[in-house]
Amino acid sequence: MRIGYPCINLGLACRPSRTFRLASLTVDRLHATVDGNLRCLEEIVRWNAAHGLLFLRITSDLIPLASHPENRFPWGEAFAPRFAEIGALIRRSGMRISMHPGQYTVLSSPRPEVTEAARADLAYHAQVLDLLGLDRTAKVQIHGGGVYGDRRAAVKRFAAAVDALEPGVRERLVVENDERLYTFSDVLGLHAMTGLPVVFDAFHHALHGDGRSLGEALAAQAETWGREDGLPLVDYSSPLPSGRPGRHAQTLDEGDFARFLAGSRPHDFDLMLEVKDKERSALRALALARGDPRLVAEAG
DNA sequence: GGAAGTCAAGTCTCG
DNA sequence: CGAGACTTGACTTCC
C-alpha cells in the first residue's frame, strides 16, 4: 500500500495550483504561472519521496485554464523538458500519480457542449501524465456526473462518451462512487458498460452506500482493475467529529483509520487521504499502516 | 495589508 | 429561487 494526500503540501512555502482570471490570460502570465507551479510540483515530489509518501494527486490547476478554448498556448511543447525531468524523478521514486478533475467535468450530461468540454479537460489531464512519461497506472478519476431524472439514459450517455474518448485518454480513466448520485453499485454498473476500473471512496460509501461491507466492496472493486492498471485506488477521509456529515475532516481520526485498515485486510490498494491538513495526516496514516506507534507519535 | 467579492465550467439538494 | 456543496481556495478589487 502506498499512501498519499491531494495536491498541495501545507508545510512548503509554494503552491502548485497558482492560477489567474480568464481576463488576465496572456502568454506571459500563463508561462510564468506554469513555470512556478512546476517548480512547486517538483518540490512536493521530492518532499514526498523523502518522507515515504509514494502516492500523489497532482492538482488540476497545474496548468491554469488548460482546456479553456481561449487558451491556445502550446504549454505541452513549451514545458516538455520540465515535465520530463519531474517525471523521471517520480519514476525513480517509485511514486504513483493520480489526478481528479473537478465537478465541471461531466460525461453523462445531455448537453453536448458539456461533454465536449469534459472531453477536452480529460485530454488535458492525460496529457500531463503522458508528458511525465508515466505508464497506465497513473489515473484520472471522475464521478458519474448527473442523473437528470433518467438514470438509464444518463448511464448510456456516460458509456457513449467514454467510448468516444481517444484510447490514450480512456486508458487512464477510472470512475469513483460519490456521496449523492452514484453509489458503489451504480459505479460497478458504469464499469460493466465501459470497462473502466472503479475507485472506491470509503467516505462516500459510508455516507451513501449500497449495503456492502468494506471487505465486500474492496473485493468487488479489485475485479474491475486490470493487470496494467496497477493496484486499485481507494480514497479515505475521516468522518467529521461533530459538524454536518459530508465534509472532509480537518485531520485524521486515528481510531477510525485503524478500524478501516483492519477491515480492509487482506486487500491491497493505494490510498489517498482526503483530509484538510494534508501531509500531516498522511504521515500519521503512514506510520499507522506500518504499525509503528513511535512513528505515529512523532508524526502527530 | 486585510476584507470582501468573484472566479471557466455542472448538477443537485436544502432552506 | 438562491445558496451551498463538491477533489482543491486563489485572485482581484476595494478600502
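Computed from heavy atoms alone, side chains included, the values below leave out hydrogens, waters and symmetry copies. Nothing here was measured: the structure is a model prediction, and the numbers come from that model. Chain naming here is simple, since letters A, B, ... match the order of the sequence lines and numbering starts at 1 in each.
- Which of B/dA9, C/dA10, B/dT11 sits closest to the side chain of A/Val106 comes down to B/dT11.
- Residue-level contact check: A/Asp61 touches the bases, meaning some heavy atom is under 4.0 Å from a base atom.
- Here the C1' atom of nucleotide B/dT11 and the CZ atom of A/Arg157 are 12 Å apart, to the nearest Å.
- Following rounding to the nearest Å, A/His208 (NE2) and B/dT11 (P) show an atom-to-atom distance of 19 Å.
- A/Arg180 has no side-chain polar atom (N or O) that falls below the 4.0 Å cut-off from OP1 or OP2 of B/dT13.
- Side-chain atoms of A/Ser108 come within 3.5 Å of backbone N or O of A/Gly146 as a donor-acceptor pair.
- Under the 30°/60° scheme for interplanar angles, the aromatic rings of A/His31 and A/Phe73 are found to stand perpendicular.
- For the residue pair A/Ser281 / A/Thr251, a side-chain donor-acceptor distance below 3.5 Å is found, with atom types taken as modelled.
- Between A/Leu56 atom CG and C/dT7 atom C1' there is a gap of 13 Å when expressed in whole angstrom units.
- Across B/dG10, B/dA8, C/dA10, the shortest atom-to-atom separation from the side chain of A/Gln103 is found for B/dG10.
- Within the shown strands, C/dA3 is the pairing partner of B/dT13 under the Watson-Crick or G-U definition, both distances less than 3.5 Å.
- OP1 or OP2 of B/dT11 sits under 4.0 Å from a side-chain N or O of A/Tyr148.
- A/Leu22 comes within 4.0 angstrom of sugar-phosphate atoms only, judged by non-hydrogen atoms across all strands, and of no base.
- Comparing the same atom, P, in B/dG10 and in C/dA10 gives a spacing of 22 Å after rounding to whole Å.
- Between the P atoms of B/dA9 and C/dT12, the separation comes to 16 Å (whole Å).
- In this structure, the nucleotide among C/dT8, C/dT12, C/dT7 sitting nearest to the side chain of A/Ser24 is C/dT12.
- Both A/Cys7 and A/Arg29 sit near DNA chain C, but only A/Cys7 has its closest nucleotide nearer the 5' end.
- Stacking is not found between A/Tyr104 and the pyrimidine-like six-membered ring of the B/dG10 base under the 5.5 Å centre-distance and 30° plane-angle cut-offs.
- Applying the 3.5 Å distance criterion, the base of C/dA10 shares a donor-acceptor pair with the side chain of A/Arg21.
- For A/Arg2 and A/Phe269, the positive end is not near the middle of the six-membered ring at less than 6.0 Å and at most 45° from its axis.
- Rounded to whole Å, the P atom of C/dG4 lies 15 Å from the corresponding atom of B/dA4.
- Between C/dC11, C/dT12, B/dC12, one nucleotide has an atom nearer to the side chain of A/Thr19 than all others, and that is C/dC11.
- As rounded to whole Å, 10 Å separates atom P of B/dA8 from atom CD of A/Glu70.
- Judged by distance alone, the side chains of A/Glu43 and A/Asn9 never bring a donor and an acceptor atom under 3.5 Å apart.
- Aromatic ring orientation, A/Trp75 versus A/Tyr124: perpendicular (interplanar angle above 60°, classes split at 30° and 60°).
- Atom CD of A/Glu116 and atom C1' of B/dA8 are 15 Å apart (whole Å).
- Checking C/dT8 for Watson-Crick or G-U wobble geometry (two distances, each under 3.5 Å) identifies no partner in any strand.
- Rounded to a whole Å, the CD atom of A/Glu274 is 16 Å from the C1' atom of C/dG9.
- Residue A/Thr105 is classed as having no contact, given no heavy-atom separation below 4.0 Å to the nucleic acid.
- The residue A/Ser109 sits close only to the backbone: its heavy atoms come under 4.0 Å of sugar-phosphate atoms, none of a base.
- For the OP1/OP2 pair of B/dG10 and a distance below 4.0 Å, the side-chain nitrogens and oxygens of A/His143 include no atom meeting the criterion.
- Nearest nucleotide to the side chain of A/Leu181, out of C/dT8, B/dA9, B/dC12: B/dC12.
- Comparing B/dT6 with C/dA3, their P atoms sit 10 Å apart, to the nearest whole Å.
- For A/His205 and A/Phe200, the gap between ring centers is short of 6.0 Å.
- Protein atom CD of A/Glu176 is 11 Å distant from nucleotide atom P of C/dT8, rounded to whole Å.
- Checking the phosphate oxygens (OP1, OP2) of B/dT11, a side-chain nitrogen or oxygen of A/Arg111 falls inside 4.0 Å.
- Separation of the P atoms belonging to B/dA8 and C/dT13 is 12 Å when rounded to the nearest angstrom.
- Between the CG atom of A/Leu65 and the P atom of C/dC11 there is a distance of 12 Å, given to the nearest Å.
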